Participant: 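Handing you this structure, nothing more for now.
Letters A, B, ... are given to chains in the order of the sequence lines, protein chains preceding strands, and every chain is numbered from 1. Note that the structure is predicted; figures quoted are calculated from it, not measured.
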Amino acid sequence: MLDSKFIRDNIDLVKEKLSARGSDVDLAPFIAIDARRREVLQEIEALRAERNRASEEIAALKKERKEVDPARFKEMKEVSGKIKAIEEGLKEIEQETENFLLTIPNMPHESVPFGRSEEDNAEVRKWGEKPAFSFTPLEHFELGERLGILDFERAAKIAGARFSLYKGAGAQLERALINFMLDLHTREHNYTEVLPPFMVNRTTMTGTGQLPKFEEDLFKIDGADYFLIPTAEVPVTNIHQKEILNQEDLPIFYTAYTPCFRSEAGSYGKDTRGLIRQHQFNKVELVKFVEPEESYAELEGLLANAEEVLKRLGLHYRVVNLCTGDVSFAAAKTYDLEVWLPGPGVYREISSCSNYEDFQARRAGIRYRKKDAKKAAFVHTLNGSGLAVGRTLVAVLESYQQEDGSVVVPEALRPYMGGLEVIS
RNA sequence: GGAGAGAUGGCCGAGUCGGCUGAAGGCGCUCGCCUGCUAAGCGAGUGUACACUCAAAAGUGUACCGAGGGUUCGAAUCCCUCUCUCUCCGCCA
């Protein structure tokens with residue numbers, strides 16, 4: 001959420017920043033209603049002040065056991081009626097401003113390249129090499145089905161399309177990846193592991209920006225106001241919802257493994273086979289709460305933490321700086337990590353690392369108190385996948401496949417696989 | 001699922017028959033004084049948001065005692081609804 005005062009004072013800048021991301025919001029109605037809001041507020045506050053004064057007067061008279069003129073009561077009853085009437089209008093106006101603000105996306109940071117679509121994203125760097133094969137590499141679902149470690153047909157029978165069933169070494173490999181990632185981030189990168197609820201309420205979904213705009217992408221529990229989380233970012237960022245943290249508590253780093261649930265209506269027809277696009281997938285998430293001055297340095301750190309997973313697994317990847325037209329609703333800046341998939345021969349997003357600045361903090365009410373500042377300030381929140389587990393498994397299968405269809409287990413994972421070296 | 005109790009400031013805790021209660025008292029914390037050091041003691045301060053005045057510093061007003069609504073000239077205090085916490089019973093991995 002943007003600061004309404006900031007919008008008021010910087011209309012042209014806000015307009016420019018939003019149009020850079022392809023959002024041509026008309027700010028004029030907001031400016032008008034915001035002005036009206038303050039006008040009504042002043043009116044109502046003056047009346048309330050009058051009521052408070054009268055109240056004190058009456059209290060003083062009663063204390064001295066003096067008579068109160070009945071006309072006074074009548075007069076104040078009218079004032080109260082007026083207040084109530086204006087209050088209703090004010091509530092509507094406030095609701096309207098709130099609704100507007102909640103649907104305005106974040107402004108991209110100055111280091112975000114201008115662009116219209118993902119075509120315009122800027123490659124930052126590449127790491128490693130595309131693995132060379134003396135044969136035509138297979139896609140992961142072929143490998144997985146042949147090895148008997150992935151079973152999409154039965155997954156469809158149990159649940160439907162876009163669900164997966166891992167078996168044997170496949171299930172074990174998924175679990176190994178989760179543990180490997182969590183251990184790396186907790187032991188070497190200073191994150192605190194958390195295991196949050198996989199369902200959250202509406203307020204929490206609004207805090208990180210999934211609601212009110214993207215309800216159709218979420219799975220909602222029927223008969224209760226719970227949603228399945230689309231990412232651990234949601235419950236974990238909201239850990240400190242409506243809190244004022246101490247400066248010395250920052251920065252706070254959390255990592256969490258959770259399954260993620262995404263409805264993503266409209267995605268049908270894309271990536272229909274395999275693990276790439278699922279209604280349920282596993283992810284290890286990294287979340288940071290930091291002071292504003294530190295947030296861009298912390299974004300680089302977060303990105304490096306996610307990259308480290310790929311490096312240790314020996315998977316070739318590239319880092320992409322998303323352009324203004326491709327950064328998501330709540331983010332000010334996003335780096336995507338794209339892993340190389342030898343099967344289809346493409347780079348595939350495997351992590352998305354973003355700085356939200358104070359956009360989520362303002363929505364969720366996450367503040368901190370600076371040592372000698374009188375006012376509490378909003379923290380900056382960041383998060384990134386560290387990594388999407390299913391897609392990592394895809395990359396491992398495809399990158400480490402051998403001509404006979406077996407798959408070599410990357411060394412970093414062997415301790416988590418009971419020493420297993422090859423899946424065959 | 002059933003029965004009961006409760007929700008007040010960073011924490012503990014008081015709020016009488018509704019009336020200067022943003023909220024007593026204590027603890028904690030900050031600054032100052034005092035003091036070989038520490039402790040004790042003394043003094044002052046110590047929530048958030050919004051609006052207005054304003055260059056700023058600051059000041060003024062309004063709101064907030066779990067959330068929302070109602071009664072009333074006036075609600076932390078009375079009434080209703082909801083949420084959460086605790087205790088007991090039932091069920092249960």
Side-chain angles (χ1 to χ4, degrees), chain A residues 1-10 30-102 195-207 211 221 223-227 235 238-250 252 259 358 360-379:
Chain A
M1 190 159 66
L2 301 182
D3 181 16
S4 59
K5 240 180 282 177
F6 183 86
I7 298 178
R8 199 192 299 158
D9 298 339
N10 302 276
F30 171 76
I31 296 300
I33 197 160
D34 182 59
R36 175 88 188 120
R37 194 193 100 238
R38 282 173 295 143
E39 206 175 285
V40 173
L41 193 60
Q42 281 177 58
E43 198 180 335
I44 211 168
E45 284 185 356
L47 287 171
R48 281 171 176 165
E50 188 185 340
R51 182 176 68 185
N52 288 345
R53 273 195 305 272
S55 212
E56 279 174 30
E57 246 174 65
I58 293 170
L61 287 174
K62 291 247 174 184
K63 207 167 196 175
E64 294 168 39
R65 304 194 178 280
K66 284 186 186 155
E67 278 291 299
V68 182
D69 181 1
R72 196 85 179 104
F73 285 130
K74 218 177 140 194
E75 189 187 337
M76 291 322 293
K77 194 177 179 80
E78 264 170 49
V79 171
S80 267
K82 223 189 279 179
I83 289 173
K84 200 171 280 184
I86 301 173
E87 265 173 355
E88 260 168 61
L90 180 65
K91 208 178 282 177
E92 262 174 55
I93 291 170
E94 279 176 342
Q95 194 60 57
E96 216 173 308
T97 34
E98 173 88 350
N99 289 347
F100 181 85
L101 287 173
L102 285 176
L195 183 59
F198 300 162
M199 290 185 225
V200 299
N201 59 35
R202 188 170 286 274
T203 304
T204 292
M205 278 294 183
T206 307
L211 290 178
I221 302 300
D225 206 25
Y226 294 139
F227 297 86
N238 279 284
I239 287 175
H240 297 296
Q241 181 194 112
K242 297 185 187 93
E243 287 185 19
I244 300 178
L245 304 162
N246 293 315
Q247 186 173 27
E248 58 265 30
D249 296 336
L250 298 176
I252 298 172
D358 63 5
Q360 294 182 324
R362 180 171 288 110
R363 287 175 162 246
I366 311 168
R367 289 173 293 179
Y368 79 108
R369 200 183 305 285
K370 235 178 165 161
K371 262 283 182 293
D372 32 44
K374 52 246 140 252
K375 247 173 101 81
F378 289 110
V379 302

Participant: Are any of A:Ser55's side-chain N or O atoms less than 4.0 Å away from OP1 or OP2 of B:rC20?
Facilitator: no

Participant: So, does A:Arg369 get its side chain near the phosphate of B:rC29, meaning an N or O under 4.0 Å from OP1 or OP2?
Facilitator: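 Indeed not, no polar side-chain atom of A:Arg369 lies that close.
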
Participant: Output the rounded distance in Å from CG (A:Leu90) to C1' (B:rC50).
Facilitator: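 Going from A:Leu90 (CG) to B:rC50 (C1'), I get 11 Å.
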
Participant: For a quick test of reading the model: is some side-chain N or O of A:Lys84 closer than 4.0 Å to OP1 or OP2 of B:rU71?
Facilitator: yes

Participant: Look at all strands and tell whether A:Ala49 reaches a base, only sugar-phosphate, or nothing, counting heavy atoms closer than 4.0 Å.
Facilitator: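 Sugar-phosphate, backbone atoms only, no base.
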
Participant: Give a yes or no on whether the backbone of A:Met76 and the side-chain of A:Arg51 come within a donor-acceptor separation of less than 3.5 Å.
Facilitator: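 Looks like no, no N/O pair under 3.5 Å.
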
Participant: Could you tell me how far apart A:Arg51 (CZ) and B:rA63 (C1') are, to the nearest whole angstrom?
Facilitator: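 Rounded to the whole Å, the gap is 11 Å.
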
Participant: Could you check which nucleotide pairs with B:rC86 in any of the strands shown, counting Watson-Crick or G-U wobble with both distances under 3.5 Å?
Facilitator: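 In the structure as shown, B:rC86 has B:rG4 as its Watson-Crick or wobble partner.
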
Participant: Taking the same atom, P, in B:rG47 and in B:rC88, what whole-Å distance lies between them?
Facilitator: 39 Å

Participant: With rounding to the closest Å, how many angstrom separate the C1' atoms on B:rA23 and B:rG32?
Facilitator: 27 Å

Participant: State whether A:Glu43 and A:Lys82 are salt-bridged, where the test is any N-O pair (Lys NZ or Arg NE/NH1/NH2 against Asp/Glu carboxylate O) under 4.0 Å.
Facilitator: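 No, no charged N to carboxylate O under 4.0 Å.
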
Participant: B:rA55 and B:rG68: how far apart are their P atoms, nearest whole angstrom?
Facilitator: 36 Å

Participant: Rounded to the Å, how far apart are A:Leu101 CG and B:rC50 P?
Facilitator: 12 Å

Participant: Please state the P separation for the pair B:rC65 and B:rA24 - nearest whole angstrom.
Facilitator: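 Per the computed distance, 15 Å lies between those P atoms.
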
Participant: Would you tell me if any nitrogen or oxygen in the side chain of A:Lys242 comes within less than 4.0 Å of OP1 or OP2 on B:rU48?
Facilitator: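 Looking at the OP1 and OP2 atoms of B:rU48, neither is under 4.0 Å from any side-chain N or O of A:Lys242.
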
Participant: For B:rA93, which nucleotide in any strand shown is its Watson-Crick or wobble partner with both distances under 3.5 Å?
Facilitator: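 By the stated definition (distances under 3.5 Å), nothing pairs with B:rA93.
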
Participant: Under a 3.5 Å cut-off for both contacts, is B:rU16 paired Watson-Crick or G-U wobble with anything, and if yes, with which nucleotide?
Facilitator: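 B:rU16 is unpaired by these criteria.
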
Participant: Using modelled atom types only, decide if a donor and an acceptor are shared between the side chain of A:Asp34 and the backbone of A:Phe30 within a distance under 3.5 Å.
Facilitator: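 The answer is no, because no donor-acceptor pair under 3.5 Å joins these two groups.
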
Participant: Students often get this wrong, so: under 4.0 angstrom with heavy atoms, is A:Lys62 touching a base, only sugar-phosphate, or nothing?
Facilitator: base

Participant: Using a cut-off of 4.0 Å on non-hydrogen atoms, how would the nucleic acid contact of A:Arg202 be classed: base, sugar-phosphate, or nothing?
Facilitator: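 No contact.
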
Participant: In whole Å, I'd like the distance from the CG atom of A:Leu47 to the P atom of B:rC73.
Facilitator: 17 Å

Participant: Sort out the partner of B:rG41 for me: Watson-Crick or G-U wobble, both distances under 3.5 Å, none otherwise.
Facilitator: B:rC33

Participant: Taking the C1' atom in each of B:rG2 and B:rA14, what is the distance between them to the nearest angstrom?
Facilitator: 34 Å

Participant: Can you tell me the pairing partner of B:rC54 across any strand shown, Watson-Crick or G-U wobble, with both distances under 3.5 angstrom?
Facilitator: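 By the stated definition (distances under 3.5 Å), nothing pairs with B:rC54.
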
Participant: Closer than 4.0 Å, any side-chain N/O of A:Arg37 to the OP1 or OP2 of B:rA51?
Facilitator: yes

Participant: CD1 of A:Ile244 versus P of B:rG9: gap in Å, rounded?
Facilitator: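 My rounded result for the distance is 13 Å.
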
Participant: So what's B:rU71 paired with, Watson-Crick or G-U wobble, going by both distances under 3.5 Å?
Facilitator: none

Participant: Expressed as a whole number of Å, how far does the C1' atom of B:rG4 sit from that of B:rC20?
Facilitator: 38 Å

Participant: Please work out if A:Lys375 contacts a base, only the sugar-phosphate, or nothing of the nucleic acid, heavy-atom cut-off 4.0 Å.
Facilitator: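 A:Lys375: backbone/sugar contact only, no base atoms under 4.0 Å.
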
Participant: Reading RNA chain B from 5' onward, which residue's closest nucleotide shows up sooner: A:Arg53 or A:Ala377?
Facilitator: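 Mapping each residue to its closest nucleotide by heavy atoms, the 5'-most match is A:Ala377.
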
Participant: Does A:Glu50 pair with A:Arg53 as a salt bridge, N-O distance under 4.0 Å?
Facilitator: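 Result for this pair is no, no salt bridge flagged.
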
Participant: Mind checking who B:rU46 pairs with, Watson-Crick or G-U wobble, both distances under 3.5 Å?
Facilitator: B:rG28

Participant: A:Asn246 CG to B:rU48 C1': how many Å, rounded?
Facilitator: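 After rounding, the reported distance stands at 15 Å.
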
Participant: Figure out the CD/P separation between A:Glu50 and B:rC73, and round it to whole Å.
Facilitator: 15 Å

Participant: Does A:Arg38 have a side-chain nitrogen or oxygen under 4.0 Å from the phosphate oxygens OP1 or OP2 of B:rC52?
Facilitator: yes

Participant: The test is salt bridge (charged side-chain N to carboxylate O under 4.0 Å, His left out); show your working for A:Arg48 and A:Glu87 and say whether it passes.
Facilitator: CA-CA 11 Å; A:Arg48 281 171 176 165; A:Glu87 265 173 355; 2.9 Å; yes

Participant: Start at the 5' end of RNA chain B and walk down; is the nucleotide closest to A:Glu56 or to A:Arg72 reached first?
Facilitator: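 Closest to the 5' end, via its nearest nucleotide, is A:Glu56.
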
Participant: Give A:Ile58 one of three labels, base, sugar-phosphate or nothing, depending on what nucleic acid heavy atoms sit under 4.0 Å from its own.
Facilitator: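 The residue A:Ile58 makes base contact.
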
Participant: Both distances under 3.5 Å, Watson-Crick or G-U wobble: report the partner of B:rG22, or none.
Facilitator: none

Participant: Looking at A:Asn246 and A:Glu248, would you say the former's side chain and the latter's main chain have a donor-acceptor pair under 3.5 Å?
Facilitator: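 Not a single qualifying donor-acceptor pair exists.
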
Participant: Okay, side chain of A:Asp358, backbone of A:Phe378: is any donor-acceptor separation there less than 3.5 Å?
Facilitator: no

Participant: With a 4.0 Å limit, can you tell me whether A:Arg48 has a side-chain N or O closer than that to the phosphate oxygens OP1/OP2 of B:rG74?
Facilitator: no

Participant: Expressed in whole Å, how much space separates the P atoms belonging to B:rG18 and B:rU72?
Facilitator: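 Going atom to atom, P in each nucleotide, I get 16 Å.
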
Participant: Hey, is the side chain of A:Asn52 poking within less than 4.0 Å of OP1 or OP2 on B:rU62, counting only N and O atoms?
Facilitator: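 True: A:Asn52 side-chain N/O within range (under 4.0 Å) of B:rU62 OP1/OP2.
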
Participant: Send over the distance from A:Leu41 CG to B:rU62 C1', rounded to a whole Å.
Facilitator: 7 Å

Participant: In whole Å, measure the gap between the P atoms of B:rA63 and B:rC54 for me.
Facilitator: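 Here B:rA63 and B:rC54 have their P atoms 24 Å from each other.
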
Participant: Looking at A:Arg36 and A:Glu39, does any basic side-chain N land under 4.0 Å from a carboxylate oxygen?
Facilitator: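 Salt bridge flag = yes for A:Glu39 with A:Arg36.
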
